[in-house]
Amino acid sequence: MIGVLDLQGDVVEHLDHLERLGVVSRRVKEPSHLHDLKGLIIPGGESTCLSRLIKIFGMDTAITEACERGVKIWGTCAGAILLATRIVGEKPYLGLIDMEIERNSFGSQLASFAATAAIPRVASKAVPLIFIRAPKIRSVGPGVEILLQLDDYIAAVETADILATVFHPELTNNLAFHRYFSRKCGLTAEESPPLADPTWTPTSWTRHSRIAASV
Ligand code: GLN
């Protein structure tokens, strides 16, 4: 079973992707919910807010202990910020992967963008990537493998225990990263045919903000 930290951020999108792969999942709101998990996803959202909530709910030490017990952890965007040992200009939070990360490094929310990239370790075909007020991973320590380097920054890294991506695979219709993480957790992820969602486009994640803006 894979848990999705459910304190703030895009939780349902991760649960949806795991469900599409036939992977049993659970919302994680308190330390007892980590029981029996093989993996935990820390979603994107806002890292300052998430860092306060994980303290209030006692999840900071609980996540560190879970990692020591062998639970694999994947942080997307704000989740990746929480996992880093170094944050430019700020104190680190969980410090579970040896990397330096810089928050909001592309600029404001309006500088958010979609791209595609080949990540051979994760998928045989190029995968769509969504960057929303994303951080940049600036450097990694020994033992951290780089899965994706783009221009002047690193976008995806991993160790035996941790996966960190500065983009949001859960906001695309592509399941490759969720399949990859499930396998990292030792779970079988069903091979599903590509989703045929005629309404999906690389920018469909902006639909809600367009609706909000037009109200
Ligand atoms: N900018 C956010 C932060 O610094 C992260 C954004 C995201 O998770 N999409 O926490």
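Start at 1 and go down the list; that is how both ligands and their atoms are numbered. All of these numbers come straight from a predicted model, not from anything done at the bench.
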Visitor: State plainly whether the residues Asp161 and Lys184 are in salt-bridge range, i.e. N to O under 4.0 Å.
Guide: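 Result for this pair is no, no salt bridge flagged.
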Visitor: Ring centroid separation for Phe113 and Phe167, is it under 6.0 angstrom?
Guide: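 Not under 6.0 Å, so no.
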Visitor: Quick check on side-chain contact (heavy atoms from CB on, under 4.5 Å): which of Ile73, Ile97, Leu83 does Cys67 satisfy it with?
Guide: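 Output: one option passes, namely Ile73.
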Visitor: Looking at His17, His14, His168, which one forms a ring pair (Phe, Tyr, Trp, His ring centres under 6.0 Å) with Trp74?
Guide: His14
Visitor: When you look for protein heavy atoms under 4.0 Å from ligand 1, which residues do they belong to?
Guide: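 Contacting ligand 1 under 4.0 Å are Gly44, Gly45, Glu46, Ser47, Cys77, Ala78, Ile81, Arg103, Asn104, Ile132, Arg133, His168.
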Visitor: List in chain and number order the residues that pass side-chain hydrogen bond (donor to acceptor under 3.5 Å, both in side chains) with Ser139, two or more places apart in sequence or in another chain; answer none if no residue qualifies.
Guide: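 With neighbours one apart ignored, the set is empty.
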Visitor: For the residue pair Arg103 and Ser47, confirm or rule out a side-chain donor-acceptor distance under 3.5 Å.
Guide: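 Note: Arg103 and Ser47 side chains meet the donor-acceptor criterion.
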